[in-house]
Structures are given as C-alpha cells and as structure tokens.
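Report on the following structure.
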Amino acid sequence: MLRDFISLIFPEVCLSCKAPTSKGESLLCTKCLFDLPKTNDYNRLPGLLANKFVSIQKLRFAYAYLKFNKKGVAQRLLHQLKYEGHQEIGLSLGRWFGSEIKTNSAITDSDLIIPVPLHISRLRTRGYNQSDLIAQGLSETLEIAWNKDIIKRLKKTETQTKKGKVDRWKNVHEIFQVSSLNMIENKNVILVDDVVTTGATLNACLEVVVNSGAKSVGVLAIARAD
Ligand SMILES: [Zn+2]
C-alpha cells in the first residue's frame with residue numbers, strides 16, 4: 001500500500017533524466033544511479049570535506065557523498081527535495097550514502113546523528129527539514145539513532161559568508177543553540193547537512209556541539225560545492 005501511495009506521488013520516471021523507470025528501480029534509473037558523481041572519499045580520515053572547517057581538533061571525519069555541479073544530478077535531486085516536496089529523495093540519498101560508508105568504523109562507532117536544523121520560520125514554510133530526511137535514511141542504514149530536537153537554530157539565514165573565518169567563529173552561538181546538553185556530552189556526534197558551500201553553517205553547528213562537550217564530531221553531507 002505504501003508502495004502504491006509513493007508511486008502516486010512519484011510518477012514512474014527517473015527524477016534525473018526523466019526516462020521511464022522499470023520495476024525494481026526507484027527514483028533514479030539504473031544508469032543515473034550508476035553515474036552519480038560520487039566523491040569516493042569516504043575511506044580516508046578525516047576526508048577532503050574537513051578542509052572546510054576552522055576548528056578541527058574534535059572533527060573526526062567530514063565526508064560528502066556527491067560532487068555538486070551546476071545543473072548536475074546532485075543539484076537536480078536536492079532542488080526537488082527542498083523546493084518541490086519530494087521528501088522521498090532525502091530518505092533515498094541518506095540510504096544510498098549510508099550503504100557506501102557503513103564499512104568505515106569511525107562512522108559506525110558514532111553514537112548519535114543530528115541533522116542541521118532549519119530556522120522555525122523556514123521549517124514552517126517548507127513543512128519539513130530536508131536534512132531530517134537524509135539523517136533518517138543514514139540512521140536506518142548505519143543503525144545509529146538520530147534526533148532532530150537537540151540543536152535549535154536561532155538565525156534564519158546564512159549571513160556569515162562575507163565575514164572572515166574568525167568573525168564567523170565568534171558569531172557561532174548566535175546561530176545555533178543546544179537544548180539538551182546531556183544528549184551530547186561525551187558522545188561521538190554526526191552532523192548531517194544537504195549541501196556544503198562555504199561551510200559557514202556547519203562550522204557554526206560544529207562549534208556549538210564541541211562547546212557542549214561532545215567527545216568527537218563527524219560531518220556527513222550529501223553534496224559538496226567548491
Ligand atoms: Zn535516469
């Protein structure tokens with residue numbers, strides 16, 4: 001029944017190339033799934049995405065699943081996820097990424113997955129946080145609990161991009177707030193985001209988690225834009 005319900009919302013065409021999909025394929029046709037522009041960076045530590053971070057003392061790993069190119073497949077999928085209501089894409093991306101990385105013990109040893117929260121006003125407009133869906137897909141595959149209520153976003157937009165790295169760092173506590181310290185203290189936490197561009201948002205999020213006493217922090221993002 002769920003399957004029927006999903007096929008009602010999702011016409012049976014590939015979400016990337018629009019070719020009809022056959023039975024057994026989901027969201028993407030086999031070719032598009034095979035051609036996903038993976039970074040293939042998930043076995044080395046800490047991962048290439050780590051160079052987007054200012055404070056790396058407690059950063060255990062930072063991986064992006066896909067390369068984000070203008071008009072590329074990652075952009076198409078994330079656009080449909082964020083702006084066209086295709087929530088199933090978030091779950092699938094999380095599951096696909098999860099199955100790529102589940103042999104990396106630095107990841108599977110983690111205690112808790114936390115999606116980067118949206119500001120409440122954006123959450124209300126969109127109706128869901130795309131990073132929650134990605135986190136849910138990752139959580140299922142990696143068998144690590146996820147929780148969306150630990151970090152609260154106090155500021156709506158990423159106004160930090162024009163500031164220098166040091167300034168961004170100073171402003172951290174104004175953007176995010178940890179609401180349950182005891183959930184983070186001494187834990188290996190994984191932060192999840194959809195796409196990393198400047199990294200300002202994730203840097204801010206990582207700082208509050210570190211300042212809240214996390215043992216280590218890892219970052220998993222669906223795409224990395226350079
Ligand atoms: Zn396709």
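Only heavy atoms go into these numbers, but all of them, side chains included; no hydrogens, no water, no symmetry mates. Counting starts at 1 for both ligands and their atoms, following the listed order.
Using cut-offs of 30° and 60° on the angle between ring planes, the pair Tyr65 and Tyr42 is tilted. Between Tyr83 and His79, the ring-plane angle classifies as tilted under the 30° and 60° cut-offs.
Of all protein N/O/S atoms, those under 2.8 Å from the Zn ion (ligand 1) are Cys14 SG, Cys17 SG, Cys29 SG, Cys32 SG, and waters are not counted.
The 12-atom threshold is not exceeded at CD of Gln57, counting heavy atoms of other residues, nucleotides or ligands nearer than 6.0 Å.
Checked by atom type and distance alone, the side chain of Arg76 pairs as donor or acceptor with a backbone atom of Lys71 at under 3.5 Å.
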Open item on the list: With side-chain contact (heavy atoms from CB on, under 4.5 Å) as the criterion, how do Tyr63 and Thr39 come out once you've worked through the C-alpha distance, each side chain's angles and the decisive distance to 0.1 Å?
Closed with: CA-CA 8 Å; Tyr63 300 116; Thr39 63; over 6 Å; no
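With sequence neighbours excluded, no residue forms a salt bridge (charged side-chain N to carboxylate O under 4.0 Å, His left out) with Asp132.
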